[in-house]
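Residue numbers start from 1 in every chain, and the chains themselves are labelled A, B, ... in the order their sequence lines are given, proteins ahead of strands. Heavy-atom basis, side chains included; hydrogens, waters and symmetry copies ignored.
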There are 2 protein chains.
Amino acid sequence: MINIVISDIPKYLKKEVLLKGWVFNVRSSGSVFFLQFRDGSGRLQAIVSKKEVPAQIWEACEKLTGESSVELSGTVKEEPRSPYGYEMAVKSLKIIHIADSYPISKKEHGTEFLMDNRHLWLRSPRQIAILKVRDEVIWQMRKFFKDKGFILTDSPILTPTSCEGTTTLFKTDYFDTQAYLAQTGQLYIEATAAALGRVYDFGPTFRAEKSKTRRHLTEFWMLDAEAAFVEFEENLNIQEELVSYVVQNVLIEKKDELELLERDTAILKKVKPPFHRMKYSEAVTKLQKAGYEISENDDLGGDEETALSKDLDKPVFITHYPSKIKSFYMKPDPENPNLVLNNDMIAPEGYGELVGGSQRIDDLATLEKKLKEFKLPRKDFEWYLDLRRYGSFPHSGFGIGLERTVGWICGVKHVRETIPFPRLINRLNP
Amino acid sequence: MINIVISDIPKYLKKEVLLKGWVFNVRSSGSVFFLQFRDGSGRLQAIVSKKEVPAQIWEACEKLTGESSVELSGTVKEEPRSPYGYEMAVKSLKIIHIADSYPISKKEHGTEFLMDNRHLWLRSPRQIAILKVRDEVIWQMRKFFKDKGFILTDSPILTPTSCEGTTTLFKTDYFDTQAYLAQTGQLYIEATAAALGRVYDFGPTFRAEKSKTRRHLTEFWMLDAEAAFVEFEENLNIQEELVSYVVQNVLIEKKDELELLERDTAILKKVKPPFHRMKYSEAVTKLQKAGYEISENDDLGGDEETALSKDLDKPVFITHYPSKIKSFYMKPDPENPNLVLNNDMIAPEGYGELVGGSQRIDDLATLEKKLKEFKLPRKDFEWYLDLRRYGSFPHSGFGIGLERTVGWICGVKHVRETIPFPRLINRLNP
């Protein structure tokens with residue numbers, strides 16, 4: 001008999017197969033056991049009929065507890081009445097392990113309890129669906145860049161200095177010196193862009209920020225992309241193409257998971273270029289009219305981002321921020337050098353900032369001046385200045401946060417559910 | 001005129017196109033400039049003929065230095081005599097930036113000099129080829145797992161404790177407590193395997209080891225895979241399938257790069273299942289006969305690995321190590337409980353250990369006993385013990401080191417060339 005997984009069932013309909021997995025719910029009518037069974041690839045209902053199986057199989061069923069692991073064999077068929085679509089008529093059942101009384105039940109649990117039991121909470125249908133969407137989002141992002149000729153050049157996590165001050169960085173002893181955990185790989189991929197033209201990195205990044213919001217993790221995944229000879233406008237185009245590509249493909253590939261998550265997919269279907277575009281100054285005017293206390297030179301916080309985007313059907317680019325409140329490496333707007341050629345991309349429906357991007361300064365003197373203005377230690381940036389000494393080139397790039405993207409696509413309000421083992425200011429376990 | 005990249009040229013033969021990139025070598029015959037040009041996607045020779053171009057184009061050529069960035073337009077054609085296969089007859093040339101005198105020349109440079117200038121060294125043809133192979137290896141690994149139904153579940157870097165002592169871990173303050181940078185995500189993906197069946201993670205890992213060898217980085221990428229209901233033998237099969245799949249596909253997709261690296265690909269073509277298999281005890285006997293001072297219960301070092309594998313045509317699995325010298329979570333061999341159901345996979349040609357794998361202990365009491373034997377703090381492992389309390393399941397997995405795999409496939413002797421910005425005991429810059 002062939003050992004398969006549930007997702008392979010369509011190829012084995014009406015055949016006898018062997019499945020290995022977990023019984024997540026057991027119900028009995030007295031003459032029939034209904035076992036809700038999952039194996040990671042999917043779920044089905046297994047029917048054990050007292051009169052059809054040997055006595056010891058029936059007795060085994062009587063011992064089963066939720067989350068016990070078992071081997072089942074029997075015939076599989078489609079069952080439109082089942083929420084899982086398939087059913088097995090069990091001929092044989094072997095217990096692998098009888099689970100202790102499982103701590104997570106169908107009743108409501110508090111967040112801290114679920115987070116303490118994250119290693120078990122991950123087995124719930126909702127968490128499984130989110131993890132599968134996450135996997136697909138990552139795959140589609142990588143596929144997009146591969147198809148566009150971008151080469152993956154991973155950036156280091158251990159870095160000797162920071163690009164924007166060290167107050168929000170984790171620090172570690174590094175043999176006889178110190179190292180910081182990187183918040184972005186951007187500066188590094190500007191160097192690989194000079195070698196390979198179009199590049200990206202994709203890895204964990206770290207922020208020791210004391211923010212306790214639904215949008216912040218201390219450890220989160222970020223994809224940075226950088227493209228040589230790409231300027232501000234084309235950079236926006238790449239960003240909206242990427243996000244549309246990911247959303248549209250996830251809608252196709254993870255239809256069942258989004259349905260389980262009860263995500264309104266009609267609104268996601270509208271996520272296609274062009275996205276909305278708004279200058280920072282317009283955004284400020286709009287916010288002021290709506291009663292927000294914001295003035296020019298204030299950065300946009302989470303509330304402001306939500307206000308700007310909550311009624312939109314697709315993401316909005318906010319562009320041309322004041323240079324003072326943005327990073328040192330952003331290219332000044334030739335039409336107004338107090339502004340920079342940058343953008344944030346805010347998700348619709350109040351999911352916050354997904355992407356930050358900009359054209360980078362390619363002129364050596366301008367960059368040297370900026371390092372001074374930002375009081376950054378020049379010697380740490382000599383290598384970065386080299387990129388402007390040896391064949392400098394116009395280039396632009398952006399960073400997209402994985403967990404916020406997954407949260408938005410899944411319709412999940414708190415990013416803690418969008419990563420297998422979330423790290424928060426008060427959470428390092430399990 | 002259309003702006004393309006060199007790798008697109010086959011679609012534009014005999015057409016006039018615009019290219020943007022860098023001139024990495026300039027030579028003149030007096031009436032013709034031969035510009036060696038690269039744009040990240042490829043290389044070509046651009047020919048500027050004095051009598052065919054306006055005077056200011058010719059004068060621009062006279063200013064060009066190595067690594068200057070330029071825009072070129074002209075007709076592209078195949079040129080079998082050129083090492084790059086293509087040539088452009090230049091009609092127009094625009095200087096973007098004249099490079100300062102470039103520090104890396106064709107002469108031999110010392111390793112420290114090259115490492116100090118890693119951000120520029122990356123532009124050399126050899127480094128570009130290695131980075132492209134690395135990108136392809138990563139893609140093929142991920143594709144293999146996707147096709148096999150494994151779900152990516154990334155593990156945390158910031159962890160509260162270590163699975164094998166803290167002496168080789170980087171430590172950081174984590175708000176009011178401490179965290180360690182993970183050396184492996186294995187324990188975490190054992191939890192996600194219970195949710196999703198077949199899983200993997202793939203990210204940077206850290207080892208604060210004072211090893212100064214050609215096989216050690218302090219920060220390197222590792223892929224951990226874990227599969228529910230997979231036992232020892234099947235785990236070996238998955239490993240050899242993975243490695244064969246990656247090697248064979250990289251041979252096809254990165255033929256030109258391997259040629260540039262002068263890699264002997266004949267030997268790589270032989271990398272197909274089944275790999276060699278040897279028990280640890282046989283390996284020790286073999287090494288003793290060859291004059292190595294090794295006794296039972298010694299782990300194999302780099303020299304021993306090299307001795308066992310240097311004459312092989314494909315990788316070898318060394319299996320069934322003494323439990324004392326291996327990790328606490330490895331399942332004892334039922335035929336000899338002093339041994340464990342584990343394996344290392346050693347690359348041929350002396351490239352060292354690529355993979356370490358094992359079946360994991362699935363019995364709660366055995367695991368509790370092992371934690372004691374290894375003097376590990378039980379409270380930090382309660383969550384891990386939970387996986388044996390609630391539907392325990394036979395499972396196996398392995399970790400494969402990315403940089404060593406890339407080094408082997410490329411035929412590169414030192415891992416420092418296999419990652420964009422290597423981190424070594426004495427190297428944190430640039």
Portion of [X] that has a non-hydrogen atom of chain A nearer than 4.5 angstrom:
X	result
B:Tyr384	neither
B:Leu131	both
B:Glu382	neither
B:Ser392	both
B:Leu120	side chain
B:Ser101	backbone
B:Asp100	both
B:Ser124	neither

[Y] side chain reached by [X] side chain, heavy atoms, under 4.5 Å:
X	Y	result
A:Leu158	B:Leu181	yes
A:Pro394	B:Ile96	yes
A:Thr153	B:Leu122	no

In terms of heavy-atom pairs under 4.5 Å, which option from [options] contacts chain A the most?
options	answer
B:Ala191, B:Gly40, B:Ala208	B:Gly40
B:Ala195, B:Gly42, B:Gly197	B:Ala195
B:Gln127, B:Arg389, B:Glu67	B:Arg389
B:Asp363, B:Val23, B:Ile138, B:Asp116	B:Ile138
B:Gly203, B:Ala194, B:Pro204	B:Ala194
B:Val5, B:Thr192, B:Ile425	B:Ile425

So salt bridge (charged side-chain N to carboxylate O under 4.0 Å, His left out) across residues 189-206 of chain A, not counting sequence neighbours, yields A:Glu190-A:Arg388, A:Arg198-A:Glu234
Please report the interatomic distance [atom1]([X]) to [atom2]([Y]), rounded to the nearest 0.5 Å.
X	Y	atom1	atom2	value
B:His119	A:Asp386	NE2	CG	3.5 Å
B:Asp362	A:His97	CG	NE2	9.0 Å
B:Phe145	A:Trp139	CZ	CH2	12.0 Å
A:Phe202	B:Phe202	CZ	CZ	13.0 Å

Most heavy-atom pairs under 4.5 angstrom with chain B, which of [options]?
options	result
A:Ile95, A:Asn117, A:Thr65, A:Asn429	A:Asn429
A:Asp154, A:Asp173, A:Ile151	A:Asp154
A:Ser68, A:Ser155, A:Gly21, A:Ser7	A:Gly21
A:Ala193, A:Ala228, A:Pro103, A:Gly66	A:Pro103
A:Thr218, A:Ile98, A:Asp8	A:Thr218
A:Glu136, A:Lys210, A:Lys146, A:Glu71	A:Lys146

Show the nearest heavy-atom pair for residues [X] and [Y], with the distance to one decimal.
X	Y	answer
A:Gly391	B:Ala99	N-CB, 3.4 Å
A:Thr177	B:Leu428	CG2-CD2, 4.3 Å
B:Glu219	A:Ile157	OE2-N, 2.6 Å

Hits for salt bridge (charged side-chain N to carboxylate O under 4.0 Å, His left out) against A:Asp147, two or more places apart or cross-chain, chain-then-number order -> A:Lys143
Whether A:Trp383 and B:Phe421 hold their rings parallel, tilted or perpendicular, with breakpoints at 30° and 60° = tilted
Could you tell me how the ring of A:Phe229 sits relative to the ring of B:Trp22: parallel (under 30°), tilted (30 to 60°) or perpendicular (over 60°)?
-> tilted
Counting distance only, does the side-chain N/O of A:Thr172 pair as donor-acceptor with the main-chain N or O of B:Lys171 below 3.5 Å?
->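 At least one qualifying donor-acceptor pair exists.
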Polar side-chain atom of A:Arg423 near backbone of B:Pro156 as donor-acceptor pair, under 3.5 Å |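 Side chain of A:Arg423 to backbone of B:Pro156, a donor-acceptor pair under 3.5 Å: no, none is there.
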